[in-house]
Amino acid sequence: MTKELLISSCQQLLSGFEFTLGIFAFTLIFSLPLGLLVARGRMSKNIVVASLVRFYISVMRGTPLMLQLLLVYYGPYYLFGTSTGGIKIGPFNYRFIAAIIGFSLNYAAYFAEIFRGGIQSMPKGQYEAAQVLGFTKSQTYFKIILPQVIKRVLPSVANEVITLVKDTSLAQVLSVSEMFFIASSLASKQVSIMPFLVAGLFYYIMNALIEMMITKIEKKMSYYS
Amino acid sequence: MNNDAILVMENIHKSFDDLEVLKGIDLTVNRGEVVAVIGPSGGGKSTLLRCATTLEKIDSGRIVIAGDTLCEMDGEKLKYADKARLRHIRSRFGLVFQNFNLFPHFSVRRNITESLIHVLGKTKDEANGICDDLLLKMGLQDKADSYPCNLSGGQQQRVSIARALAANPDIIFFDEPTSALDPELTKGVLEVIRDLASEHMTMVIVTHEMTFARDVADRIVFMDGGVIVEEGPAYDLVTNPKSQRTKEFLAGY
Ligand SMILES: Nc1ncnc2c1ncn2[C@@H]1O[C@H](COP(=O)(O)OP(=O)(O)O)[C@@H](O)[C@H]1O
Ligand SMILES: [Mg+2]
């Protein structure tokens, strides 16, 4: 492999990495709050809501993410005969949007279970102390409960975040030109696994950075136990 | 009704499923009075405090705190105060838990000032002033910036007493404030409560510290099996109990 070829491969992989980063960032932005909402639904006193949410979580966790991505992408066409080819939000075509939707729905389910565990691990006394001090329900949730839950769930959330970095490569089934998709096409053109190895290195570097950030956040939250 | 009554509980009934835990309790506490509640475990002492402090809802009866009706019977039905009134009532009493229930992610200062600022609408400066005064009183003036996890159990309980006092309540309830503490740490907490008693703070204290109850309380209430078996002036009840059950209970101390 010539030096020029390596450089141009890297450049192409990096342009794919932009999509990888995009999927990663948008998925977190949508799935974390959605997960919180889903967790609340799962713990709802309304049995209908709780069962529906429970079913949603079990489907998301019990079927392949790749299949879910395909369903989000092809679903509108098969269900309503809608053509999705023309759909665009800003620079993003429906392939990319479908990937974000699929990933967000899937990760929200995982995050929801993590948040639920965290919320349910909070001692009842925290709610009671807040109640007798006159805090409203929402003050109690946002000031007292949530900050402590975040600290408790951080290690599990970190695990999912790191998994997400690698899972973004599943978007290739929708032909989103993320890094793995590019690596595949380069590999078949060059008849070499080199592009895969370089892509692997990029994933690894990204996760190393993420781990550093998480360690920093954990340190910042370690002022109490 | 006695105008000086800060807490009125009338004919309180409370069940958990099939288990009747309070079987028609009557208890009145006047301003400045210190009432100790004693009795064997499972007798309903905590439940009584939790009903008075809105943590449990009663099944029937009437509760009035500092002149505000928390709940009363409307014919056959029990009616609770509305949300706004409940909030107001909650600012009129303080509750000190057996296991403190401090907010671990808040500094000592924030544990005390948070509700002053965000519930009572005090300014930060006002709240900090109140906090500093209370910490001085609790002997914790140098702990404002500490976090609960770095304090001893006794210090944590004193912070939680400061937190309960912050809103300047008309009455404070204590549920076994020293039961979670090592023996050598109980002294500081009991001293703080003793000081409050000498300042005529109205208090209801569930406790197993008999000597403390005898010396500090004006009145002792002995509860067992969901009823008040006997009550009377503290010294008399401890030294000269009338009921057989009280005698047997006190013999254990
Ligand atoms: N939330 C609850 N659900 C069911 N039973 C309860 C609950 N809280 C208390 N009890 C029962 O009520 C009885 C009185 O308990 P409690 O008020 O804690 O007594 P004490 O404080 O005097 O030890 C006990 O039998 C206890 O098991
Ligand atoms: Mg108890």
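This structure is a prediction, so every number in the text was calculated from the model and none was measured. In what follows, every chain begins at residue 1, and chains take the letters A, B, ... in the order their sequences are listed.
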### Query
At a heavy-atom separation under 4.5 Å, does Y127(A) approach chain B through its side chain, its backbone, both, or neither?
neither
### Query
Of all of T53(B), T54(B), I89(B), which one pairs up most often with chain A through heavy atoms under 4.5 Å apart?
T54(B)
#### Entry: D175(B)-S46(B) side chain donor-acceptor pair, cut-off 3.5 Å
yes
### Query
Given a strict heavy-atom distance threshold of 4.5 Å, which part of F106(B) is in contact with chain A: side chain, backbone, both, or neither?
side chain
### Message
Under 4.0 Å between a side-chain nitrogen and a carboxylate oxygen: does that hold for R92(B) and D68(B)?
### Response
no
#### Entry: Six-ring centre of Y141(A), R40(A) cation under 6.0 angstrom, axis tolerance 45°
yes
### Message
Between E178(A) and R95(A), does any NZ, NE, NH1 or NH2 come within less than 4.0 Å of an OD or OE carboxylate oxygen?
### Response
no
### Task
Measure the spacing between CD1 of I101(A) and CG of L71(A) and express it to the nearest 0.5 Å.
12.5 Å
### Query
L102(B) versus chain A, heavy atoms under 4.5 Å apart: side chain, backbone, both or neither?
backbone
### Task
Using non-hydrogen atoms and a 4.5 Å limit, figure out which bit of R50(B) sits close to chain A: side chain, backbone, both or neither.
side chain
### Query
Centroid-to-centroid, F92(A) to F26(A), below 6.0 Å?
yes
#### Entry: Contacting moiety of F103(B), where chain A heavy atoms sit under 4.5 Å
both
### Query
Is it the backbone or the side chain of Q131(A) that comes under 4.5 Å from a heavy atom of chain B, or both, or neither?
both
### Message
With a 4.5 angstrom heavy-atom cut-off, is it the side chain or the backbone of K143(A) that approaches chain B, or both, or neither?
### Response
both
